[in-house]
Every structure is written in structure tokens, then in C-alpha cells.
> 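I have a structure here, written as C-alpha cells, and I will follow up with some questions on it.
Along the sequence shown, the residues carry numbers beginning at 1.
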Amino acid sequence: MRALADVWPADRDNVAVAGAQFEEFISTFDEDPGQLQRLIDMAWKGLKYLFQEDDYFISVKTATMQAVNTIREYLVNEGNIEVEVFEKAYDDLVDALEGEKESADELIELEEESSKSVESDTPSETEVDEPKTLNDLASYIMGLEEDDASGEYIESLNAITVAVMSNARPDIAEVLEGAKLHLDKVRTDGPEKHEGWLQKIASITEKAIEIEEAQEWDESQQIETEEDSASDVTNKENLSEELPSLSEEFYIPDDIDTAMVGEFITECTELLEMAEGALLDLEENPNDSELVNKVFRAFHTIKGTSAFMGLDPISEFTHHLETVLSMVRDGEINFDVACADISLEAIDVITKMLDVVEGAEAGDHLPKPLNFERLTKVLHRVEDEKLAPKKALEEAGGIQYENSPTTEELLADSGGQKTNGTSKEGSDDSQTESSVRVNVSRLDQLIDMVGELVIAHSVVAQDESIPDHSELQKKINHTSKILRELQDTSLALRMVPLKATFHKMNRLVRDLSRKADKSVKLSTFGEDTEIDRNMVDIINEPLVHMVRNAIDHGIETPEERAKSGKPEEAQVWLRASQEGGKVVIEIEDDGRGINKDKVLEKAISKGLVEPNQKMTDKEIYNLIFLPGFSSTDEVTDLSGRGVGMDVVRKSIEDLKGKVDIESEEGKGTKIIIELPFTLAITDGMLVRVGSQRFIVPILNIDQAFRAQRNDLFTVMGKSEKVSIRGETVPVIRLHDHFNISDGIEDLTDGTLLAIRNANKKYALLVDEVIGQQQLVGKSINMAAQMDHISGGAILGDGTVGLILDTAALIQN
């Protein structure tokens with residue numbers, strides 16, 4: 001009622017909050033086909049009307065509040081309420097919805113005001129014999145507006161307050177004494193001299209109601225405890241009668257607000273991702289009450305919003321899950337692996353139903369997923385029979401998957417937080433930033449236009465006539481600063497961290513390791529590394545395949561690890577970093593490594609290589625990326641069919657990236673993915689070699705210098721070296737890499753750039769350093785494979801400058 005009192009026309013958000021709270025409130029009732037259910041249904045119609053319409057808003061709002069208050073009185077009085085009260089609340093709301101109530105004043109009149117006392121000069125004496133309650137006082141206060149409250153209404157409020165105090169318990173009367181004193185000042189001085197007086201009285205009344213409800217709750221709990229033993233048998237009998245209703249067909253309501261469905265799906269998906277991450281952390285920290293509350297709040301919100309949308313199967317299913325989580329929160333049961341299994345499987349069930357709702361229309365059938373009924377029975381047994389979650393799950397057949405848990409369908413909408421190992425961060429995520437959802441295509445268009453603006457500005461800034469106009473030069477320099485900030489901001493809009501992608505792997509590792517009967521811990525590093533939003537979905541599938549192969553092929557069985565002297569718990573590491581203007585992702589395990597002889601033997605048997613062909617270790621490892629190749633003899637539902645790794649390489653090469661493998665038999669395997677940026681603002685040093693210009697990422701340059709003759713020497717007359725501050729590093733001639741004939745040959749005549757990439761350092765020979773520029777980097781398609789090029793950028797004169805991959809230069 002308090003949430004509804006704050007609602008005003010077009011206030012959709014607060015109406016939704018009020019609807020969710022009303023759904024939680026009525027969930028405490030048993031199903032009642034009589035007057036109560038009629039009034040509840042009519043109250044729902046009032047809430048939906050307030051959400052969708054603005055006509056007769058005040059009348060409908062007041063009538064809806066009256067209906068909700070009548071339902072509340074039913075609960076407080078344990079059903080001891082006259083039928084006429086229900087009928088009046090029902091009829092008033094019907095009239096309001098039909099527009100027959102022109103003024104809210106007609107709906108907030110007290111029963112005693114229906115008599116001749118309305119015209120009395122002393123409203124405070126217009127009491128009827130019927131005793132007044134705190135609910136009467138609260139209802140009257142909610143019907144008042146401070147700015148419009150006349151002396152007549154203030155006197156009536158005073159009369160009700162006095163009446164309530166005379167019938168209340170001493171502790172409640174003592175609290176209300178504060179309201180009475182404040183009201184006396186208002187009556188004496190006038191309401192205009194006491195701003196906020198009505199809110200203060202409402203707060204005191206609310207405190208009195210809380211004291212009264214707390215007492216009633218304690219009394220009801222004592223009665224329920226005495227009846228628990230007798231109700232256990234009844235609950236078991238009723239459960240068998242209730243569960244058949246699960247098979248009833250459900251259709252999406254005809255009056256569902258289709259405009260809200262997209263936002264509803266998005267909100268629920270985000271909540272499910274948050275809940276799943278918290279559940280994975282909770283497995284490692286089962287006593288973290290904040291994590292429990294986080295999961296509980298997520299499902300509570302989903303329950304309320306789905307009920308408001310009229311999606312009863314989702315709201316009812318989530319209600320049962322919420323009840324079990326409430327038992328965990330209250331300490332009735334402990335959070336264990338079985339609780340996690342039930343909750344995570346429930347997330348999958350809800351996700352599948354949301355997928356159907358997203359693509360359905362009003363009146364369409366909403367089928368229940370395969371595990372819906374089985375899991376509902378498990379939740380019922382935990383909730384009603386107080387059965388331990390582990391026992392309830394075992395008796396229902398244990399954890400079950402509709403499909404293999406490694407398929408992309410399972411991962412499509414799953415999310416998570418942190419690793420399935422020890423949580424390294426606190427669970428307090430209460431401070432969040434406000435955000436606005438924007439279509440990705442609009443971001444793409446914005447960034448494209450900013451890129452064009454950068455190019456256009458460069459053309460103007462490099463015009464030969466600019467230096468002759470000092471004032472114009474100052475204005476261009478100022479514009480350059482503003483444009484730089486615009487570049488950084490626009491780029492950040494579409495750059496997203498890999499955290500969400502990495503967290504999806506937590507659930508995958510958890511399910512796969514349990515299915516393969518292996519103990520595996522996933523650890524992630526560098527999850528704040530950012531990449532273009534358009535690449536996130538593309539790299540998800542390669543990561544899924546490689547993590548799956550690491551667990552199925554790479555990690556040994558517990559028995560094999562014990563024989564090898566390895567810990568029973570295997571390790572899988574997922575790392576990300578930025579190197580040389582690109583993103584590097586590594587997937588490493590401490591498993592058995594790759595058996596080169598077996599891989600080569602398989603490749604020969606399949607006719608992929610010649611029997612006498614000599615191959616390096618790297619070439620042998622790369623055989624696993626060929627279509628149809630698999631090193632396992634047994635096909636499982638995890639892998640072994642010869643599909644997957646070829647898809648990995650194709651997906652990465654489509655992004656102009658590359659993938660390499662490092663492995664040591666008996667120690668483990670590391671797969672390295674290198675991805676160029678698809679669209680980025682690059683801080684680069686523009687250099688010239690002959691007539692060509694190149695861009696070197698600033699982050700890889702330590703210094704630029706000219707070499708002295710005594711700093712130069714060769715190793716065995718071939719490999720050139722230069723001494724930089726006492727450190728000897730190799731020299732790379734850029735003109736040799738690109739066959740540029742007019743480049744400077746003498747090392748002392750050119751400029752050397754000290755390049756540091758990862759743990760490697762070298763000197764890069766260029767003819768001239770032109771200067772630092774901020775450029776729009778783009779992926780480019782080249783006819784020839786050039787590993788040492790990560791992209792290109794349009795320069796100020798309209799030509800294209802190649803962006804060097806400083807890591808690949810030293811390797812080549």
C-alpha cells in the first residue's frame with residue numbers, strides 16, 4: 001500500500017514495484033474461490049490499469065488501495081470480516097475502472113461520514129460506536145494530500161487518532177501519542193506552518209503498525225508450531241493432489257503487454273546471470289549470507305515481475321525455489337552441493353521458458369521444459385516435507401540435463417561471477433551505476449562517424465597552410481584535444497571486458513568436470529581486458545570447444561593423476577592480456593599434454609600427411625585443427641567426433657587472428673589465441689622507411705635513439721646486435737621485412753626504436769620518426785599472409801599506414 005501511495009500517472013516503474021509487492025503479499029493466502037479471490041483478481045486489474053492508462057487515475061488508484069487494504073484486513077483479522085466489506089471494495093473498484101467515480105474524495109470517506117456528521121461544526125465528535133483500528137487510520141492518511149487537506153479533514157484525522165489510541169494496547173498508544181502531539185500543533189498553528197506534517201504522522205502510524213504486526217506474528221508463529229506435527233501428514237496427502245496440476249497446459253495471456261516483454265526478458269536474464277555467479281561463489285563460501293541474499297533477491301524479483309506479466313508457471317516455479325532459498329537464509333537447511341545443483345538446474349529451466357516467451361505472441365502455448373515437473377516436485381518435498389535437498393534430489397534421479405551440458409544451447413544465456421575456485425572478491429555489489437541500453441548498431445554508426453571525423457580532422461590539421469596562421473593553429477590544437485576525448489569516450493562505449501565471457505566458462509567447467517568424474521578448478525586472469533563488443537559472441541564458441549577439450553582430452557582421471565604424482569584437483573587457467581596492439585587469450589591445463597607420436601600416427605592413418613613427411617613439433621600440434629581430426633579412440637558426448645578445433649581455427653582466422661599450441665607431454669598444454677582489434681583508436685608512432693610509412697604502437701616503444709658505431713656488433717658475422725644501456729638486443733631491419741629498396745642501410749644513419757613486447761626486447765631500424773598520432777585502427781584484408789601486420793589506419797593525407805605487430809616481428 002505504501003508503494004502504491006507513491007504512484008502517479010505515467011509512473012510505470014513504481015506501479016511495477018507495487019505489483020511485485022502485492023504478489024508477495026497475496027502469496028501468504030491459500031487459494032480461496034470465494035469473495036477474497038474475486039477481490040484479489042479485481043485488485044490485479046486495478047494495478048494493470050494504473051500501469052497502462054492515465055484516465056480516472058486518482059479514482060482507480062484510491063479504489064485499488066481500498067481493495068488492497070480490505071485484503072490486508074482479512075489477513076490481520078484471520079478471515080473474520082463481513083462480506084459487505086468485500087462487496088463495497090469490489091464494487092467501488094469496478095465503478096472506478098468504468099470511470100463512474102469522478103473524484104477520489106468519494107472513495108476515501110469514512111463510514112461515519114456517510115451520516116449527517118459531514119456537515120457538523122465539530123467533526124471530531126462524529127464518532128460511531130464501531131471501534132477504530134490502525135488500518136482505518138492508515139487508510140485515511142493515504143487518502144489525504146497535505147497541500148489539499150482542509151481543517152475538516154484534519155479534525156477527522158484527529159478524531160480517528162484519538163479513537164485508535166483509546167482501543168490500542170499501551171505500547172501502541174504510547175507511540176501514537178507522538179502523532180497526537182504533532183497533530184495538535186497543526187490544529188493550533190495551521191498546516192501551512194508545519195511543512196511535511198502529514199508524512200511525519202504517517203511515519204509514526206507505520207511504526208505503530210509494525211509493532212502490532214510483530215506481536216500478531218509472534219502469536220501466529222506459536223499457533224503454527226503447535227499445528228506443524230498435525231499438518232505434516234495432510235501436506236503429504238495434499239502434495240499428491242496438487243502436483244498433477246503441473247501438467248496443465250498454459251497459454252501466454254492475451255492481454256500481455258508485448259511492448260514490455262523485451263525489457264522483461266532482459267531484466268530476468270541479467271538477474272539469472274547474477275544469481276548463477278553468486279551460486280558458484282556460494283559453493284566455495286556457503287556461510288556468506290550476503291551471497292545468499294543476493295540469490296534470494298534475484299529470484300524474488302523474477303517471481304514478482306513474471307506474476308505481473310501474467311506468466312504463472314514462471315512465477316509459481318520461482319516462488320518454490322525462493323522458499324527453499326529462504327530456508328537456507330533462515331538457517332533451516334545448509335547450502336550444500338545439492339542446493340547448488342537444484343538452483344542451477346532451476347536457472348536452466350527458467351531460461352528455457354524465457355526463451356519461449358521472447359519469441360512467442362499473446363495466446364501462444366508456453367510449454368514446460370522437460371525437468372520442470374521433476375524439479376518442482378523436488379522443491380515441494382524440500383519445502384513441505386522438510387526433506388534434505390540431497391535426499392530429495394537423489395530420490396528424483398539426481399541432477400539431469402536435457403542435452404549435453406557442453407552444447408552451445410546450455411551456454412547461450414548462462415552467466416556467472418568469478419571462478420569455481422576460491423572467491424577473491426567480496427560479495428557486496430550493492431553499489432551499481434545507472435545505465436541506458438542502446439542498440440549496438442547505433443554504437444557502430446557512432447564510432448564509424450567518429451572515425452571519419454578523426455580522418456577529416458587529420459587532413460585539416462596537416463594542411464601545409466596551417467602553420468602560416470597562428471590563430472587558426474591554436475583553434476585546431478584545441479579541437480584536437482576535444483576530439484581526442486571524444487575518441488576515447490566513443491571507443492569505450494563499445495569496448496567490453498572479457499569478464500562476462502570468462503564467467504560463462506565457470507558453469508561449463510563445473511558441469512563437465514562432474515560429468516567426467518574429474519576434479520577441476522578454473523582460474524581466470526586478466527578478465528578486465530577489453531575487446532570490441534562485436535567480437536564477444538564470436539570468441540565464445542572457440543573458448544567453449546577448447547575448455548571442453550582441456551577437460552576431456554587434457555585432464556587425466558583421478559587414478560592417472562595419482563600415479564603421476566599430481567594433485568587430485570586439476571587446474572585449468574584462462575588468461576587474457578593486451579600485447580602489441582592485440583588481445584591474447586590463453587587456455588592452459590596441467591594435464592597429460594599432447595602425445596605427438598599418437599597425433600602423427602592418427603594423421604597418417606587418415607591420410608592427412610605422408611608417412612615419410614618430416615614435421616616440427618609445432619606442425620604436428622597444428623594437425624589437431626584439421627577438419628575431422630580427433631586423437632581419441634572413443635566418442636563421448638563431450639568430444640571425440642572430430643569436430644570442434646577446426647571450427648576454433650576458422651572462427652579465429654575470420655577475425656584475422658591466429659591460434660598456436662604449446663605442449664609438454666606429462667605437464668600440460670597451452671593454447672594461445674591472438675586477436676587483432678576490429679575497430680580501435682590507436683596511439684601510434686608514425687615512422688618512415690624509404691617512401692613507406694608504418695605505425696608502431698606507443699605502448700611497445702621504450703625509447704628512440706641513434707646508434708654509435710661502437711655500440712654495434714655481429715654474432716658469427718650474421719646476427720646484428722646493438723647495446724642499449726648495457727643490454728644487448730637484436731636489430732631488426734624493417735626494410736628487409738617489406739623488401740623496401742630505398743630504405744637506409746647503415747644502422748648509424750637511421751633511427752632505432754627500442755621495442756619491448758612481453759619479455760622480449762629488440763631494436764627496430766627505421767629511416768625517420770615522423771611523430772605520435774592517434775589513429776583509427778581497422779582490420780584489413782590482404783592477399784598475402786603478413787603475420788607482422790595487425791591492422792591499418794588512414795593517415796592525414798588519405799593514404800593507408802600499416803600497424804605493426806611488434807610481437808610477430810621478433811618471431812619472424
> So, D341 and R510, do they make that salt bridge, N to O below 4.0 Å?
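Salt bridge between D341 and R510, a charged N being under 4.0 Å from a carboxylate O: yes.
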> Apply side-chain hydrogen bond (donor to acceptor under 3.5 Å, both in side chains) to E270 and list each qualifying residue two or more places apart in sequence or on a separate chain.
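Listed in chain order: R437.
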> In terms of side-chain geometry, is the basic nitrogen of R374 or E345 positioned less than 4.0 Å from the acidic oxygen of its partner?
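Yes.
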> Please find the pair of heavy atoms, one from A208 and one from L176, that lie closest to each other, and give the distance.
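Looking at all heavy atoms of both residues, the closest pair is CB-CD2, 4.0 Å.
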> Are side-chain heavy atoms of T351 and T269 found at a separation under 4.5 Å?
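Counting from C-beta outward, T351 and T269 never come under 4.5 Å.
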> Take a 6.0 Å sphere around CG of N334 and say whether it holds more than 12 heavy atoms from other residues, nucleotides or ligands.
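No, the 6.0 Å shell around CG holds no more than 12 heavy atoms from other groups.
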> Could you state the interatomic distance from CG (D511) to CG (L344), rounded to the nearest 0.5 Å?
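Rounded to the nearest 0.5 Å, the CG-CG separation comes to 7.0 Å.
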> Looking at residues at least two apart in the chain, or sitting in another chain, which of them share a salt bridge (Lys or Arg N to Asp or Glu O under 4.0 Å) with D517?
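So D517 forms no salt bridge (Lys or Arg N to Asp or Glu O under 4.0 Å) with any residue.
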> Side chains of E527 and T524: donor-acceptor distance under 3.5 Å anywhere?
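E527 vs T524: donor-acceptor pair found between side chains.
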> Would L522 and L508 count as a side chain to side chain contact (heavy atoms under 4.5 Å, CB included) if you check the C-alpha gap in whole Å, the side-chain angles of each, and the deciding distance to 0.1 Å?
CA-CA 10 Å; L522 174 68; L508 176 66; over 6 Å; no
> Test K368 against E373 for salt bridge (Lys or Arg N to Asp or Glu O under 4.0 Å), laying out the working first.
CA-CA 8 Å; K368 298 181 179 69; E373 294 188 14; over 6 Å; no
> Where is the tightest heavy-atom contact between L47 and A18, given as atom of each residue plus distance?
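Heavy atoms of L47 and A18 come nearest at CD2-CB, 4.5 Å.
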> Applying side chain to side chain contact (heavy atoms under 4.5 Å, CB included), run through T323 and L379 and close with a yes or a no.
CA-CA 9 Å; T323 302; L379 294 171; over 6 Å; no
> Regarding D589 and Q571, do their side chains bring together a donor and an acceptor under 3.5 Å, going by distance alone?
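Note: D589 and Q571 side chains miss the donor-acceptor criterion.
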> Kindly give the heavy-atom pair with the smallest separation between I252 and V357, and that separation in Å.
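Reported closest heavy-atom pair: CD1-CA, 4.4 Å.
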> Show your reasoning for whether side chain to side chain contact (heavy atoms under 4.5 Å, CB included) applies to R575 and I587.
CA-CA 7 Å; R575 307 184 186 93; I587 302 95; over 6 Å; no
> Take V337 and R514, measure what side chain to side chain contact (heavy atoms under 4.5 Å, CB included) needs, and give me the verdict at the end.
CA-CA 11 Å; V337 175; R514 296 186 64 187; 3.8 Å; yes
> Between E569 and K521, does any NZ, NE, NH1 or NH2 come within less than 4.0 Å of an OD or OE carboxylate oxygen?
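No salt bridge links K521 with E569.
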> Checking D336 side chain against C339 main chain: does a donor-acceptor pair fall under 3.5 Å?
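Yes, the answer is positive, given that a donor and an acceptor are paired below the 3.5 Å cut-off.
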> Can you name the salt bridge (Lys or Arg N to Asp or Glu O under 4.0 Å) partners of R297, sequence neighbours left out?
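Salt bridge (Lys or Arg N to Asp or Glu O under 4.0 Å) check on R297 returns E290.
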> Does the pair D590/R561 count as a salt bridge with the N-to-O cut at 4.0 Å?
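Looking at R561 together with D590, the answer is yes, because their closest N to O distance falls below 4.0 Å.
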> Determine whether a donor-acceptor pair (N or O, by modelled atom type, separation under 3.5 Å) exists between the side chain of S306 and the backbone of K303.
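Yes: the side chain of S306 pairs with the backbone of K303.
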> Between E395 and R381, is there a salt bridge with N-O shorter than 4.0 Å?
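Judged by the 4.0 Å cut-off on N to carboxylate O distance, R381 and E395 do form a salt bridge.
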> State the CD-CH2 distance between E588 and W573, to the nearest 0.5 angstrom.
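Taking CD in E588 and CH2 in W573, the distance rounds to 5.5 Å.
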